[in-house]
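Report on one structure; see the data block that follows.
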Number of protein chains: 2
Amino acid sequence: MELTEAKQKFIEAWGKLGSEWGINRTMAQIHALLLISPDALTTEEIMETLSISRGNANMTLRDLIGWGLIEKQHKAGERKEYFYADKDTWNIARQVAKERRKRELDPVLKVLDEISKVEGDPKDPEFATFTKSVGDINKLARNVDKTLDTMLKAEESWFWGSIFKMFK
Amino acid sequence: MELTEAKQKFIEAWGKLGSEWGINRTMAQIHALLLISPDALTTEEIMETLSISRGNANMTLRDLIGWGLIEKQHKAGERKEYFYADKDTWNIARQVAKERRKRELDPVLKVLDEISKVEGDPKDPEFATFTKSVGDINKLARNVDKTLDTMLKAEESWFWGSIFKMFK
DNA sequence: TTAAACTTTCAATAATTATTGAAAGTTTAT
DNA sequence: ATAAACTTTCAATAATTATTGAAAGTTTAA
């Protein structure tokens, strides 16, 4: 396999995986492109490589900055902005986990708490099943939340070391 | 808060969370409805409660069965099919993890392996960055894969017990 | 058989989400 | 001030994804 072909396949695969997980395909692709690029790239270069419009490139780059996955760079004597991706997979994983927790898990935890307060007759199967299921999901969600918390604070080696211990 | 209102909020929240994670909103909503329902429900009842069409209900119910999250039930002397959701959150989490691994992680691992075979000049920064990034992602993906494997085989108590040990 | 009761299919349509591209905005150099 | 170089915005449009509903299919009972 050639490098050029491999690059394309990587960008495609990353884009597909992203879209299956609710992440805009273009965002995943730009991220993939920057991940495998040794140097920071301009909007122009990104537009060209991925065949996307200026508007799309600009907005998606801003989103990626918002996710904490890439950063702007400036080169001395140039007005153009360059974009560079953090290549540390542990940082990437943590950053994604952090953002999705904030954007998606936290709001759900809030709703779960709120609806857990529902009052009713424990003899009513409708009520009993509701509170049991919601309570169980709440517990699971809180476990996930705690685990993410640990992961966000952890050093990579420590975290994976702990995971490996699970396999004995 | 009333039970009826709480139910609605739960179904809504579950649907929203699902759609943010690449799961069809209707699928998440039907699942939510069945999760909080003490009895198995008919297609008719589901259509009515969620205001969706017969076609949508039927196809989504089949999908949910495909995901291993619900099952058909038959009542003696009746021709109608009833649908019932497994209420064990640990089973649900495992089932979802299992299916997404099969559908999404496995194909990506395959691509990563394939493109890892790319050959080139280690002095070329393009080549070096590509192989480094892809290699790192490969490692992370394999760690996730192993962890899922352990999770799928594990008893709930054992799994969360191990996670808790991480907090010391 | 026939028909009633029920399930499945799928082309058409609707709803949602992503993308474009040109105009407006901003910054810098002269 | 002016203009060139560059970035941002956003209404219009395209692409994708979800949903409908009616027809076709299936099963059961008489």
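- When rounded to the nearest whole Å, the span between CZ of Arg25(A) and P of dT16(C) equals 22 Å.
- Map Ala57(B) and Lys80(A) each onto its nearest nucleotide of DNA chain D; the residue landing nearer the 5' end is Lys80(A).
- For dA29(D), the OP1/OP2 oxygens have no side-chain nitrogen or oxygen of Arg79(B) closer than 4.0 Å.
- Comment: Arg142(B) engages Asp113(B) in a salt bridge, judged by a side-chain N to carboxylate O separation of less than 4.0 angstrom.
- Closest of all the heavy-atom pairs between Asn24(A) and Thr26(A) is OD1-N, 2.7 Å.
- The CD-P distance, from Glu78(A) to dT28(C), rounds to 14 Å in whole Å.
- Pairing for dA22(D) is with dT9(C), a Watson-Crick or G-U wobble pair whose two hydrogen-bonding atom distances lie under 3.5 Å.
- Place Met59(A) and Met59(B) on DNA chain C by their nearest nucleotides, and Met59(B) ends up nearer the 5' end.
- Counting any heavy atom pair closer than 4.0 Å across all strands shown, Arg54(B) reaches a base atom.
- Note on Asn56(A): a side-chain N or O is less than 4.0 Å away from OP1 or OP2 of dT20(C).
- Atom-to-atom, CD of Glu44(A) to C1' of dT8(D) comes out at 15 Å; the value is rounded to the nearest Å.
- The separation between Gln29(B) atom CD and dA18(D) atom C1' is 12 Å, rounded to whole Å.
- Between the C1' atom of dT20(D) and the CD1 atom of Ile46(B) lies a distance of 17 Å, rounded to the nearest Å.
- Between the C1' atom of dT20(D) and the CG atom of Asn24(B) lies a distance of 14 Å, rounded to the nearest Å.
- One can place NZ of Lys75(B) at 20 Å from C1' of dT28(D), the figure rounded to the nearest angstrom.
- Between dC6(C) and Thr43(B), no contact under 4.0 Å exists linking OP1 or OP2 to a side-chain N or O.
- A donor-acceptor pair is defined here as one N or O able to donate and one able to accept, closer than 3.5 Å; no such pair exists between the side chain of Lys9(A) and the backbone of Leu112(B).
- Classified by interplanar angle (parallel below 30°, tilted 30° to 60°, perpendicular above 60°), the ring pair Phe159(A)/Trp90(A) is tilted.
- Pairing for dT27(C) is with dA4(D), a Watson-Crick or G-U wobble pair whose two hydrogen-bonding atom distances lie under 3.5 Å.
- Contact annotation for Thr60(A): no contact, since no heavy-atom pair falls under 4.0 Å across all strands.
- In this structure, the NE2 atom of His74(B) is 13 Å from the P atom of dC6(C), given to the nearest Å.
- Using a 4.0 Å heavy-atom criterion, one finds that Thr42(A) contacts no nucleic acid atom at all.
- One finds the CG atom of Leu34(A) at 4.5 Å from the CD1 atom of Ile46(A) (value rounded to the nearest 0.5 Å).
- A sub-4.0 Å separation between OP1 or OP2 of dT19(D) and a side-chain N or O of Asn58(B) is absent.
- For Lys72(B), counting side-chain heavy atoms from C-beta on, the closest listed nucleotide (dC6(C), dT20(D), dT8(C)) is dT8(C).
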